[in-house]
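Every chain is numbered from 1 and lettered A, B, ... according to where its sequence line falls, protein lines coming before strand lines. Everything numeric here is computed off the predicted structure, so don't read it as measured data. Side-chain atoms are counted along with the backbone in the values below, which use heavy atoms only and exclude waters and symmetry mates.
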Protein chains: 2
Amino acid sequence: MSGTTPPKIASSPDHLSFECVQETCGFKGEECLCRPMHLHFEKAELRAARTIELNEGDQLAPEDFPEPVVFAVLNGVIAVESHLSDGRRSLLTLRFPGEYLDMNRADRHASGEVVALAPTSVKLVPRNVFEELLLLDSNLRRIYWRRATDIMHQQFDHSSDLGKKTPTERMASFIFELRNRMSIPRFVEEFTLPISRQSIADYLGLRAETVSRVLKSLEKEGAVKLIGKHKIAVLDFKGLRKIANGARPRLSNHR
Amino acid sequence: MSGTTPPKIASSPDHLSFECVQETCGFKGEECLCRPMHLHFEKAELRAARTIELNEGDQLAPEDFPEPVVFAVLNGVIAVESHLSDGRRSLLTLRFPGEYLDMNRADRHASGEVVALAPTSVKLVPRNVFEELLLLDSNLRRIYWRRATDIMHQQFDHSSDLGKKTPTERMASFIFELRNRMSIPRFVEEFTLPISRQSIADYLGLRAETVSRVLKSLEKEGAVKLIGKHKIAVLDFKGLRKIANGARPRLSNHR
DNA sequence: CGTAAACTTGACCTTCGTCAACGACAGTGG
DNA sequence: CCACTGTCGTTGACGAAGGTCAAGTTTACG
């Protein structure tokens with residue numbers, strides 16, 4: 001691990017706990033990858049899967065692992081982070097509990113490092129085990145394909161956010177993305193913003209100051225309510241959805 | 001097809017031509033997906049694969065096909081296009097010859113339509129055939145995995161472009177992306193810009209006017225040379241690479 | 001309670017989007 | 001062959017929006 005504090009191995013090699021942590025990994029019912037994986041626990045290779053605990057800012061560099069691994073997020077948030085040569089930071093993609101991240105590239109030249117944006121536990125599954133399981137279990141495979149295309153479409157949506165949306169629209173989209181991916185039920189208004197303003201900014205292609213201002217402007221027009229610094233409640237779903245879809249209210253409308 | 005002109009079916013059902021068109025599909029050697037696919041031509045299902053010809057602007061809507069298909073680009077360019085509610089257009093991802101695009105989502109709610117950005121031929125491979133072949137052939141599978149992660153990393157890079165790069169930097173990145181994906185050899189300076197200024201703009205999150213100005217500014221500082229409207233030559237690779245990686249020259253530096 | 005880090009607020013200024021006009025070029029029809 | 005037309009690309013002038021910088025305020029945590 002090339003992070004500041006080396007993350008500690010939490011579970012021993014033969015301690016298997018790939019099933020959902022705390023009853024849910026973030027997926028609903030049959031969409032959970034953990035359940036079908038669970039059926040394969042007897043496989044010796046899966047015993048190599050380890051859980052590591054990360055603090056905010058800890059990095060996971062692929063080179064740090066003897067064999068290629070797939071990261072499965074149990075709780076917390078990880079991101080792929082990249083820096084331009086003058087230091088500008090971007091968060092290219094996020095992964096929430098129940099999601100996996102495969103950073104292994106043939107040419108070993110990845111487009112960024114993996115970093116924890118909050119206290120996080122990550123399961124490391126050797127990549128060849130992952131692939132083998134996919135070959136053996138058609139149900140697992142079906143679920144995997146679905147997840148993979150979903151992730152791709154998420155990236156598409158994110159590109160749309162970054163390419164053509166105003167800061168306010170990006171924030172509105174992000175709120176829905178968060179709620180979906182953290183499985184917040186529709187009738188629950190209030191939820192936790194799991195990452196810092198700076199991280200939100202780096203993910204949305206904005207500055208932290210702009211995130212601040214945009215949140216305030218959304219609050220002023222009654223779409224959301226900020227509760228402390230890390231909680232937010234959606235008051236007007238329809239309105240916020242309209243904004244997210246491009247109903248063009250720019251920041252200055254509400255300064 | 002929901003495009004203006006309905007694309008015409010070019011090859012008859014039992015005419016099989018999934019091998020590389022004109023000796024190469026854009027991949028080099030073993031990276032080509034077509035070669036291993038070729039071994040499976042006897043499979044009855046593959047005979048269902050059809051080639052269609054598209055004009056610039058033609059659309060391919062998933063609903064138009066009786067069964068889910070994967071698009072394989074033989075030549076030309078296709079893109080996933082999305083529109084915000086007020087009409088702003090984005091191109092979320094591009095596919096060049098030799099690349100494939102899988103737009104099939106479980107929930108059938110895709111993030112955009114597929115559209116041709118130039119005269120294009122596309123092979124339609126039924127998705128279940130595609131998956132079956134992957135199960136049968138480990139070599140094909142290896143190559144497919146590699147391509148899939150490459151595409152993902154391409155999306156990451158693109159997010160980095162959109163999120164934190166200046167217009168000049170985006171254009172520089174785009175030039176390298178084009179050259180890589182169209183397999184232009186390093187020593188070849190001149191190549192064709194296969195899509196319109198407007199499409200470049202919509203892909204890079206800019207306006208067509210800005211694309212124009214940026215290209216001119218890159219020409220002024222000697223990084224590239226514009227030859228007619230649809231050709232460009234890279235004169236200073238190192239310099240252009242530096243710009244693409246974030247050496248921050250903004251547009252106004254060279255107005 | 002005290003300190004550092006995270007977040008907010010305000011004032012300013014650069015950049016690129018906007019709008020409008022113009023130029024280049026291809027296709028069309030007489 | 002040329003005038004006509006429409007599309008695409010270029011150029012210029014201008015201003016809104018968000019980045020930038022600096023100073024405050026709040027929060028988290030020991």
Side-chain angles (χ1 to χ4, degrees), chain A residues 4 55-57 84 86-90 117-119 161-171 192-202 204-220 224 226-232 243 246 248-255, chain B residues 4 55-57 84 86-90 117-119 161-171 192-220 224 226-232 246 248-255:
Chain A
T4 47
N55 294 315
E56 186 176 338
L84 299 188
D86 66 349
R88 273 168 285 170
R89 175 195 190 230
S90 303
L117 301 183
D161 291 355
L162 295 179
K164 281 282 155 69
K165 286 189 187 173
T166 67
T168 312
E169 291 162 356
R170 290 182 209 187
M171 194 65 223
T192 300
L193 292 172
I195 63 178
S196 71
R197 297 284 191 276
Q198 186 59 58
S199 290
I200 295 175
D202 290 338
L204 296 181
L206 303 171
R207 321 253 69 200
E209 297 93 321
T210 306
V211 170
S212 229
R213 286 191 250 263
V214 162
L215 280 174
K216 195 170 190 202
S217 94
L218 284 175
E219 186 170 37
K220 249 184 201 157
V224 305
L226 295 167
I227 300 146
K229 275 180 179 170
H230 296 286
K231 293 215 158 195
I232 187 171
I243 295 174
R248 201 181 259 277
R250 296 209 149 247
L251 186 49
S252 59
N253 289 6
H254 292 278
R255 274 225 234 204
Chain B
T4 47
N55 294 316
E56 186 176 339
L84 299 188
D86 67 349
R88 274 168 283 171
R89 174 193 190 231
S90 303
L117 302 183
D161 290 356
L162 295 179
K164 282 281 156 67
K165 286 189 186 173
T166 67
T168 313
E169 291 162 355
R170 289 182 210 186
M171 193 66 223
T192 299
L193 293 173
I195 62 178
S196 71
R197 297 285 191 275
Q198 186 59 56
S199 291
I200 296 176
D202 290 338
Y203 182 59
L204 296 182
L206 304 171
R207 319 253 75 199
E209 297 93 323
T210 306
V211 170
S212 228
R213 286 190 251 264
V214 162
L215 280 174
K216 196 170 191 202
S217 94
L218 283 175
E219 186 170 39
K220 250 185 201 156
V224 304
L226 295 167
I227 300 146
K229 276 179 179 170
H230 297 285
K231 293 213 161 199
I232 187 170
R248 203 182 257 276
R250 296 208 150 249
L251 188 48
S252 59
N253 289 6
H254 292 277
R255 273 222 235 207

Below 4.0 angstrom from OP1 or OP2 of D:dG18, is there any side-chain N or O of A:R207?
-> no
B:I227 CD1 to C:dC25 C1', in whole Å, measures 18 Å
Please report, rounded to the nearest Å, how far the P atom of D:dC8 is from the CD1 atom of B:I195.
-> 13 Å
Could one point to a donor on the side chain of B:R213 or the base of D:dG12 with an acceptor on the other under 3.5 Å away?
-> yes
Would you say D:dC8 has OP1 or OP2 under 4.0 Å from some side-chain N or O of B:S196?
-> no
Is there a donor and acceptor pair closer than 3.5 Å between the side chain of A:E209 and the base of D:dC21?
-> yes
Short side-chain N/O contact to C:dT9 OP1/OP2 from A:K216, under 4.0 Å | yes
Kindly say whether A:V214 contributes a backbone atom to a donor-acceptor pair with the side chain of A:S217 at under 3.5 angstrom?
-> yes
Rounding to a whole Å, what distance do you find between A:K231:NZ and D:dT27:P?
-> 15 Å
Taking all atoms of both residues into account, what is the closest heavy-atom pair of A:K165 and A:R170, and its distance?
-> O-NE, 2.9 Å
For B:E169 and B:K164, the nearest pair of non-hydrogen atoms, with its separation, is OE1-O, 4.3 Å
Mind calculating the distance between CG (A:L193) and C1' (C:dT8) to the nearest angstrom?
-> 15 Å
B:H230 NE2 - D:dT10 P separation (whole Å) = 9 Å
For B:M171 and D:dG9, what is the distance between atoms CE and C1' respectively, to the nearest whole Å?
-> 14 Å
Heavy-atom distance under 4.5 Å between the side chains of B:T210 and B:L204, does that happen here?
-> no
Most 5' of A:L206 and A:K229 on DNA chain D, judged by nearest nucleotide | A:L206
Side-chain heavy-atom pair A:L215, A:R197 within 4.5 angstrom cut-off = yes
Once you round it to whole Å, what is the distance between C1' of D:dT11 and CG of B:L226?
-> 15 Å
Once you round it to whole Å, what is the distance between P of C:dG23 and CZ of B:R197?
-> 19 Å
Kindly point out which of D:dG18, C:dT9, C:dA24 is positioned nearest to the side chain of A:S212?
-> C:dT9
